[in-house]
Amino acid sequence: MCTLNDKFNTCSCIELEEDKFKDECGVFGIFSKNDLDVVSLTYYGLYALQHRGQESAGIVVSDGKEFKYHKGMGLVSDVFDKKLLESLKGQSAIGHVRYSTAGSSTLNNAQPLIVKYKLGSIAIAHNGNLVNADVIRALLEDAGYIFQTSVDSEVILSLIAREAKKDIGKAVVDAVQAVKGSYAIVILTEDKLIGVRDPNGIRPLCIGELNGDYILCSESCALDSIGADFVRDVAPGEIVIIDKDGIKSINFAEKTKCETCSFEYIYFARPDSTIDGINVYTSRIKAGKILYKENPVEADVVIGVPDSGIPAALGYSEASGIPYAIGFIKNKYVGRTFISPSKELRSKAVAVKLNPLKVNVEGRRVVIVDDSIVRGTTSRKLVEILRRAGAKEVHFRVSSPVVKYPCYFGIDTPCRKDLIGANANMEEIREEIGADSLGYISIDGILKSLDCSAERGYCVGCFSGIYPISAPIEKDKNYLE
Ligand code: SF4
């Protein structure tokens with residue numbers, strides 16, 4: 001008979017990130033009338049967005065007449081070198097870092113995607129996921145369109161390219177009105193940079209300015225990295241068109257409601273980013289405080305799981321008065337190429353990446369704060385190594401609500417049978433991870449930490465099963481059953 005232990009003891013890998021929702025993609029775009037080095041700025045912008053995707057990176061540049069581009073598999077710093085960057089010159093550029101949620105991880109699927117049409121070329125970089133891409137793809141294929149990749153972003157690109165010869169702005173409006181899902185997109189033509197955000201604003205996209213030139217990017221941290229000023233977020237259902245005449249805005253959706261992904265604040269986004277007016281770091285501190293109010297415990301020390309659990313641990317400490325201390329030292333040099341240890345070593349091997357700071361936990365009642373529990377495998381290992389380091393008690397606190405459902409909007413999530421929160425109750429999860437007590441922030445609590453209001457909502461679909469856009473029927477079958 002399968003026990004809970006067997007059921008969830010499937011992780012054979014030491015990467016902490018393996019037991020998290022996976023990152024998505026990051027996009028960046030710049031249009032310069034003032035001879036800025038757009039390629040270097042795009043490179044640094046993508047570098048700041050690297051946490052959003054590490055599988056591939058690419059830059060397309062336009063000199064006003066034609067495109068040049070380079071794409072490759074791996075990190076931004078692996079894909080581009082000085083010589084390559086110098087070979088790409090122009091007045092406008094877009095870039096992309098990718099984690100594949102739709103389409104396989106191959107160079108062919110690396111973005112930006114480029115297509116030629118009668119009057120020129122169009123490139124696109126997309127963060128998000130289209131829930132009706134399969135239907136549109138089938139219709140276009142019936143009409144004779146041949147797709148070059150397996151990514152859903154090509155569906156938008158092909159819809160735009162079909163109409164682009166009339167008017168590019170109108171072609172983009174028509175294309176995005178046909179698709180459903182989450183999208184933060186940057187589009188490049190020879191003489192324009194265009195940004196689009198879906199009608200629910202699920203994925204972030206903001207506008208910056210540098211020396212009078214405009215920039216579009218997924219997170220404001222990318223603006224800081226190149227010394228640009230934040231101007232504003234692209235509104236849900238808005239298209240911005242940037243060219244030599246300045247910036248123009250079009251609202252393409254009748255009904256829009258901001259329902260940004262709450263997981264951006266909990267885990268995905270960098271703490272130094274501000275999305276839709278809410279600073280990510282501040283929201284994590286607030287969540288930690290609410291987490292304490294909802295799940296108090298007597299203890300000697302609060303520690304956070306690096307990196308995204310730390311602000312919530314600070315908030316928990318502040319609200320409870322229990323001192324905060326560093327609980328783990330992270331080995332900064334364990335990269336993606338790290339060779340996995342043998343099977344026998346794997347169960348102990350979290351310590352290769354994360355080592356407990358014994359002086360802070362030995363003989364103490366420890367509250368450990370993490371941002372989420374997905375499968376539960378890493379949480380169990382963390383509790384184990386704290387006990388091995390001499391912790392007297394281990395109280396696990398989680399600054400996201402219980403993850404019970406998958407995401408359809410550009411985040412790679414395991415299917416429901418692998419989500420511990422979908423299959424076990426609180427006591428069973430506590431037992432499974434081996435903690436003395438366990439507590440999660442509530443859905444109301446996380447919404448409070450984000451200043452949710454009647455006008456300003458958030459997607460909490462992976463906690464509640466209620467999504468801003470209905471899930472595709474096929475995926476319903478695969479994921480929810
Ligand atoms: S389902 Fe979860 S991860 Fe997906 S967009 Fe909504 S809050 Fe974000």
Side-chain angles (χ1 to χ4, degrees), residues 17-27 51-53 99-102 126-133 152-153 179-185 197-205 218-219 233-234 236-237 256-270 273 275-276 278 280 283-284 287 308 312 370-375 398-416 418-422 440-452 456-472 475-476 478-480:
E17 289 77 13
E18 285 298 316
D19 197 15
K20 296 284 177 201
F21 273 14
K22 294 296 187 300
D23 302 283
E24 16 168 7
C25 296
V27 299
H51 59 288
R52 298 183 74 86
Y99 176 83
S100 53
T101 50
H126 171 209
N127 169 211
N129 195 43
L130 305 181
V131 294
N132 65 344
D152 57 352
S153 320
V179 296
K180 260 174 70 180
S182 68
Y183 46 90
I185 302 172
R197 199 168 171 201
D198 71 71
N200 297 96
I202 296 172
R203 296 281 149 243
L205 187 66
S218 294
E219 285 182 41
D233 293 283
V234 175
T256 60
K257 184 174 182 222
C258 196
E259 288 180 281
T260 323
C261 164
S262 57
F263 238 109
E264 289 281 356
Y265 298 91
I266 294 165
Y267 173 66
F268 300 129
R270 257 175 53 166
S273 287
I275 301 172
D276 294 324
I278 305 286
V280 174
S283 73
R284 288 180 189 169
S308 43
D370 201 355
D371 54 75
S372 54
I373 297 182
V374 176
R375 291 183 172 87
V398 191
S399 61
S400 74
V402 184
V403 175
K404 293 185 175 175
Y405 303 90
C407 174
Y408 305 106
F409 306 122
I411 304 300
D412 187 21
T413 46
C415 44
R416 279 202 83 191
D418 293 326
L419 293 174
I420 192 169
Y440 289 74
I441 196 170
S442 65
I443 295 180
D444 274 356
I446 202 71
L447 291 174
K448 230 184 261 169
S449 76
L450 297 170
D451 295 338
C452 182
R456 176 75 176 82
Y458 291 89
C459 176
V460 287
C462 45
F463 313 121
S464 65
I466 300 164
Y467 302 90
I469 308 161
S470 52
K475 288 197 172 168
D476 265 347
N478 294 340
Y479 286 130
L480 297 179

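When a ligand or atom number is given, it counts from 1 through the structure's own listing order. What you see below is based on every heavy atom in this structure, not just the backbone, and it leaves out hydrogens, waters and symmetry mates.
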At a 4.0 Å threshold, what atoms of ligand 1 neighbour a non-hydrogen atom of Ser262?
7 (S)

Tell me, with the steps shown, if Glu264 and Ile411 meet side chain to side chain contact (heavy atoms under 4.5 Å, CB included).
CA-CA 10 Å; Glu264 289 281 356; Ile411 304 300; 5.6 Å; no

Can you tell me the protein heavy atom closest to atom 5 (S) of ligand 1 and the distance?
Arg203 NH2, 3.4 Å

Cys261 SG to Tyr458 OH distance, which is reported to the nearest 0.5 Å
11.0 Å

If you draw a sphere of radius 2.8 Å around atom 4 (Fe) of ligand 1, how many protein N/O/S atoms end up strictly inside it?
1

Which is it for Phe263 and Cys407 under the side chain to side chain contact (heavy atoms under 4.5 Å, CB included) test, yes or no, and what are the steps along the way?
CA-CA 10 Å; Phe263 238 109; Cys407 174; over 6 Å; no

Do side-chain atoms of Asn127 reach the backbone of Ala184 as a donor and acceptor pair under 3.5 angstrom?
no

Between Tyr467 and Phe409, what is the ring plane arrangement, given parallel below 30°, perpendicular above 60°, and tilted in between?
perpendicular

Residue pair Ser273 / His51, side-chain heavy-atom distance below 4.5 Å
no

Does either side chain, that of Thr260 or that of Asp276, offer a donor lying less than 3.5 Å from an acceptor on the other one?
yes

